[in-house]
2 protein chains.
Amino acid sequence: MLQITRDGEYAVRAVLFLASQPEGKISLINEISEAQEVPKSYLSKIMQHLTRSGLVKSRRGAKGGFVIGRPADTITLRETIEAVEGPIFLNVCLIKKGECHRDVFCPVHPVWKEAQKRLFEVLDSKTMADLVKDASEIEKSNAEDKKHRN
Amino acid sequence: MLQITRDGEYAVRAVLFLASQPEGKISLINEISEAQEVPKSYLSKIMQHLTRSGLVKSRRGAKGGFVIGRPADTITLRETIEAVEGPIFLNVCLIKKGECHRDVFCPVHPVWKEAQKRLFEVLDSKTMADLVKDASEIEKSNAEDKKHRN
DNA sequence: CTTAATCAAGACTAAAATCATCCTAATTAT
DNA sequence: ATAATTAGGATGATTTTAGTCTTGATTAAG
Ligand code: SF4
Ligand code: SF4
């Protein structure tokens, strides 16, 4: 359907949440689930993937939980999504040369290549650090709006 | 999976085929299916959608078949895909305001908006007429390559 | 060393989407 | 009439999506 799955969406919410936590703060599944409105048991599955990919670090047992795995300014939106959904290909012919044998003469093939490139430009350019900053600016702006509505 | 479906892919192939036919030439399901390597019975379902959307015109009965429904330079890649897949939304929050209630404070929302805009720029800018032209240029270039490989 | 807390791993499931196929009906030219 | 074609809908296999649940492993602390 040319739409990101809940896996990808929830992964972004989770990583973004961890990125917004103070250094060293350990977050529990419960916290993340409630704050980001993701079903707890589903989220736990997603966190496993994110842990295996290194985007987050986990510790089991008492005082365990999750922290972000790398500096937030080194984690892009695309990387987060692909960590749980696998690599993005807008059409099968982008998977690899010859995946669709028509690619050698197909005039649509280069268009998909370009479309994907442009999409990646956007998803690669936003890091989790950027998004945390954006969030605080939106919050500030919303507070301003509220004041002006009096 | 953030990938166009076979419906969309096959629709593009079919419309492109019709766009490349000489004015007035009527094409049969069989011809289109063979030339574009799309399962015949599946294609027939897709042609129905394309007909209802006006992108192609059909005539039943003897001497019937399909022709393109509008000038090829007025049909974009995006329109063709959306005719069979429905409108494209890279994430649910793009469907409409409030579809995701977090959109008012979510820093990722504007990124999806931008990503979709960029994607549309590419898919809207290519018409079937462009693609037919591109195809003939690719063919010419491939023939050249072949000659030089001697 | 026991226990409570917490994540890891994988089995399981319901519903929907995907990718088709097939049959019957309607239409059209000859 | 008849042959050629598309229209429409029923059907179906497979995969994906979006989750839940249970059991096991690990850890800190008393
Ligand atoms: S766009 Fe062209 S190359 Fe890509 S899958 Fe379709 S036919 Fe193959
Ligand atoms: S990106 Fe933000 S607004 Fe869009 S669906 Fe996710 S949470 Fe909602």
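Residue numbering restarts at 1 for every chain, and letters A, B, ... go by the order of the sequence lines. Predicted model, so just to flag it, every value in this text is computed and none were measured.
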Please evaluate the base of D:dG19 for a donor-acceptor partner in the side chain of A:K40 within a cut-off of under 3.5 Å? no
Just how far, in rounded Å, is [atom2] of [N] from [atom1] of [X]?
X	N	atom1	atom2	result
A:I46	D:dG19	CD1	C1'	10 Å
B:N91	D:dA18	CG	P	11 Å
B:E31	D:dT5	CD	P	9 Å
A:Y42	D:dA18	OH	P	5 Å
A:E37	D:dA18	CD	C1'	17 Å
A:F66	C:dC7	CZ	P	5 Å
B:Q3	C:dC19	CD	C1'	13 Å
B:N30	D:dA4	CG	P	12 Å

Of the listed nucleotides [options], the one nearest the side chain of [X]:
X	options	answer
A:Y10	D:dG9, D:dG19, D:dA7	D:dG19
B:R59	C:dA29, C:dT21, D:dG19	C:dA29
B:A62	C:dC7, D:dA3, D:dA7	D:dA3
A:Q48	D:dT17, C:dT6, C:dA8	C:dA8
B:T51	C:dC19, D:dA7, C:dC7	D:dA7
A:K63	D:dA29, C:dA29, D:dT17	D:dA29

Sugar-phosphate, base or nothing in reach of [X], heavy atoms under 4.0 Å:
X	result
B:S41	base
B:T5	sugar-phosphate
A:M1	sugar-phosphate

Look at the side chain of B:D145 and the backbone N and O of B:N142, then say whether any donor-acceptor pair between them is shorter than 3.5 Å.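 No: the side chain of B:D145 does not pair with the backbone of B:N142.
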Whether the side chain of B:Q36 engages the backbone of B:A14 through a donor-acceptor N/O pair (distance < 3.5 Å, no angle test) should be reported.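 Between the backbone of B:A14 and the side chain of B:Q36 there is no qualifying donor-acceptor contact (under 3.5 Å).
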Below 4.0 Å: OP1/OP2 of D:dG8 and any side-chain N or O of B:R52: yes
Flag the pair [X] and [Y] as a salt bridge only when some basic side-chain nitrogen lies within less than 4.0 angstrom of an acidic carboxylate oxygen.
X	Y	value
A:E114	A:R118	yes
B:R102	A:E9	no
A:E144	A:K147	yes

For A:S33 and A:N30, which I'm curious about, is there any donor-acceptor pair between the side chains at under 3.5 Å? no
Quick check on DNA chain D: between A:K45 and A:R60, whose nearest nucleotide comes earlier from the 5' end?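 On the 5' side of the pair lies A:K45.
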Toward the 5' end of DNA chain C, which comes first, A:M47 or A:L2, by nearest nucleotide? A:M47
